Number of protein chains: 2
Amino acid sequence: MPRDATRQRILDTAERHFGLYGFAGTSLRGITRDARVNVAAIHYHYGSKEQLLGATMDRIVAPVNAERLRLLDEAIAAAGGAPSVEAILSAFLCPDLILIRDLGDRGVMMARFSGRSSTEPGEVVARVLRGIFGDLGDRFIDALAVAVPDVPRSELAWRLRCVVAIITYLLANTGTGLALLDLDDVDGTAERLVAFLAPAIRSPVPAAGSMAEVALAMAGGAAS
Amino acid sequence: MPRDATRQRILDTAERHFGLYGFAGTSLRGITRDARVNVAAIHYHYGSKEQLLGATMDRIVAPVNAERLRLLDEAIAAAGGAPSVEAILSAFLCPDLILIRDLGDRGVMMARFSGRSSTEPGEVVARVLRGIFGDLGDRFIDALAVAVPDVPRSELAWRLRCVVAIITYLLANTGTGLALLDLDDVDGTAERLVAFLAPAIRSPVPAAGSMAEVALAMAGGAAS
DNA sequence: GTCTATAACGGGATAGAC
DNA sequence: GTCTATCCCGTTATAGAC
C-alpha cells in the first residue's frame with residue numbers, strides 16, 4: 001500500500017527524533033527534513049506535535065505489552081499455574097530486549113524513545129504509562145504473589161517498579177556511553193538481568209529499623 | 001553577602017525549571033520571570049544556557065559525591081576494611097535520599113533535576129556523568145569486590161550501574177505519580193532499597209545458557 | 001493528499017545605556 | 001552589575017492553491 005507511505009515515513013522519523021532529542025528537543029521541521037515531507041503533512045496526518053508523540057508511543061508500547069502478557073500466560077501454563085520468579089521476570093523483560101535484538105538500529109531508536117519517554121511531561125505520556133501500571137502490572141504482581149508468598153503484595157508492587165526503573169534506564173541509554181545492554185549479546189544481558197533481579201524480588205522484607213544508621217550525618221552539604 | 005543575590009536566585013530558579021521541564025523544555029525567559037531577573041543577567045553571570053546547566057549540576061553533584069565517598073570511608077573504617085554489601089549500598093544511596101529528606105521542596109527539585117539529567121543529551125551532562133562513573137565508581141566497586149569475592153569485578157561494575165539506574169529513576173520521579181520514594185518515610189525507603197538490592201549484588205553469576213529460553217518467540221510484533 | 005506561503009509567537013544571544 | 005532594546009532565528013500551526 002503505497003498510499004500512506006508518507007504517514008509511515010513521518011512516524012518512523014518521529015520515532016528516531018523523539019528518541020534522540022526528547023519531546024521538547026524535537027522540532028517538527030527537523031522531522032520534515034529527514035522524512036522529506038512537508039510541514040503541513042504532519043498536521044494533516046496527526047493534528048499536532050503532541051498527537052504525533054502519542055501515535056509514536058502507541059505503535060511501540062501496545063505490541064510490547066501484548067507480548068508481555070502472552071509470555072506470562074505461556075509461563076503460567078508451562079508451570080501449571082505457579083511459574084518461578086525467573087520465568088515471570090523473563091516474560092516482563094524480554095519483549096523489550098527482543099525488540100532491540102531483532103530490529104537493529106530501529107529497535108535501538110525505539111528503545112531510547114521508550115526509556116526517555118518516562119521522564120517527559122505531558123498528558124500523552126502519562127496516559128501510556130498508566131497503561132503499563134494498570135492491568136498489566138496487576139497481572140505480573142498476581143503471578144509474583146504466588147511465587148513469593150512471604151513478601152506482601154504492596155512490597156512486590158514496589159519491587160516490580162524497581163524492575164521498571166532498570167529496564168527504563170537500560171532502554172534510555174541503549175547505544176550510548178552509559179549502555180547497560182551489550183548489543184552484541186542481548187540474550188546474555190537478559191540472563192544477567194534475571195539472575196540479578198530474581199534474588200532481589202525474593203529477598204525477605206527488612207525488619208523495621210534494621211539498617212545501620214548511616215543516614216544521620218550530612219547536615220547541609222549542598223548549601224553554597 | 002547580598003552582592004551575588006542575583007546569581008543565587010538565578011541558580012535556584014534554574015534548578016527548579018530544569019528539573020520540571022528538562023533542558024530543552026526550559027526557557028531562559030521562564031527563569032527570568034520566576035527569578036525576577038533580566039535576561040541579560042543570566043548571560044552576564046553564566047554565559048549561556050548550557051553553561052547555566054553545568055553550574056546547576058555541579059552545585060548539586062559535587063557535594064553528594066563527596067558525601068558518598070565520606071560515608072564509604074567511614075563504613076570501611078568501621079568494619080575494619082571489609083564492610084558488608086549493605087553498608088556499601090547505604091553509602092552509595094543515602095546521600096541522595098538525605099538531600100531529599102532534609103531540603104524539602106528544594107531537595108525534591110534537585111532530585112528530579114539529577115534524575116532527569118541523565119537522559120539529557122549534550123556535552124555538559126556527559127562530563128558530569130563521567131565523573132560519577134570515574135574514580136567514584138571504582139572506589140565502590142573495589143569495596144564490593146572485597147565483600148563479594150565470588151562475583152567478578154566486571155559483573156559487579158555492571159550491577160552497580162543497575163543500582164544507578166534505580167536511584168536515577170527514583171530521583172527523576174520523586175513527587176510524581178510514578179514515585180518510588182515515600183516522601184514521608186525516606187529512611188524506610190532507604191532500608192527497603194538496601195534490603196532489595198543487597199541479595200541482587202550477591203547473587204551468583206548465571207551459568208551460560210541457563211535461562212529458560214523464553215526469548216525465541218515474537219517475530220515482528222511492532223511492525224505495522 | 002500534498003504543497004507554498006504566511007501568520008503569530010517565543011527562543012537565545014548581544015550591544016550599549018545607566 | 002543590572003537594565004532596555006533589539007537582532008535574528010526557529011518554532012507550531014493554519015489558510016489556501018493545486
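Lettering follows sequence order; numbering is per chain, from 1. This structure is a prediction, so every number in the text was calculated from the model and none was measured.
Rounded to whole Å, the distance from OH on Y46(B) to P on dA13(C) is 15 Å. Between the P atom of dG10(C) and the OH atom of Y21(B) lies a distance of 16 Å, rounded to the nearest Å. For the pair I31(B) CD1 and dA13(C) C1', the computed distance is 14 Å after rounding to whole Å. Distance I42(B) CD1 to dG11(C) C1': 12 Å, rounded to the nearest Å. Nucleotide dG11(C) holds its P atom 11 Å from the NE2 atom of H17(B), rounded to whole Å. Whole-Å rounding puts the Y44(A) OH to dT4(C) C1' distance at 17 Å. Whole-Å rounding puts the R36(A) CZ to dT2(C) P distance at 13 Å.
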Expected list for residues 166-180 of chain B: side-chain donor-acceptor pairs under 3.5 angstrom, two or more places apart:
unit_1	atom_1	unit_2	atom_2	d
T168(B)	OG1	V164(B)	O	2.6
N173(B)	ND2	Y169(B)	O	2.9
T174(B)	OG1	L170(B)	O	2.7
T174(B)	OG1	L171(B)	O	3.4
T176(B)	OG1	N173(B)	O	2.8
T176(B)	OG1	L178(B)	N	3.1

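Annotation: ring pair (Phe, Tyr, Trp, His ring centres under 6.0 Å) contacts of H17(A) (sequence neighbours excluded): Y21(A). Taking the side chain to side chain contact (heavy atoms under 4.5 Å, CB included) definition, one finds that A35(B) meets it with T13(B), V37(B), sequence neighbours left out. Under the side chain to side chain donor-acceptor pair (under 3.5 Å) criterion, E155(B) pairs with R192(A), R159(B), sequence neighbours left out. Applying the side chain to side chain donor-acceptor pair (under 3.5 Å) rule to D73(B) yields the partners R139(B); only residues at least two apart in sequence or on another chain are considered.
In this structure, R112(A) fails the cation-pi test against F18(A), since its NZ or CZ atom is not both closer than 6.0 Å to the six-membered ring centre and inside 45 degrees of the ring normal.
When distances are taken from the side chain of T6(B) to each of dG12(C), dT2(D), dG1(C), the shortest belongs to dT2(D).
Rounded to 10 degrees, the angle separating the terminal axes of the helix from dG1(C)-dC18(D) to dC18(C)-dG1(D) is 0°, with each axis obtained from five end pairs.
Regarding contacts with the backbone of dG10(D), every side-chain N or O of S27(A) stays at 4.0 angstrom or more from both OP1 and OP2.
Legend: salt bridge (Lys or Arg N to Asp or Glu O under 4.0 Å) pairs involving residues 21-46 of chain B, not counting sequence neighbours, sorted by first then second residue: R16(B)-D34(B). Residue pairs meeting the ring pair (Phe, Tyr, Trp, His ring centres under 6.0 Å) criterion with at least one partner in residues 85-109 of chain A, sequence neighbours excluded, are F92(A)-F140(A).
When heavy atoms are screened at a 4.0 angstrom cut-off, T32(A) is found touching no nucleic acid atom at all.
Within 6.0 Å of CG in D105(B) there are 12 or fewer heavy atoms belonging to other residues, nucleotides or ligands.
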Quick tally for nucleotides 13-18 of chain D: nucleotides whose base has a protein heavy atom under 4.0 Å get B, sugar-phosphate-only ones S, the rest -, giving BBB---
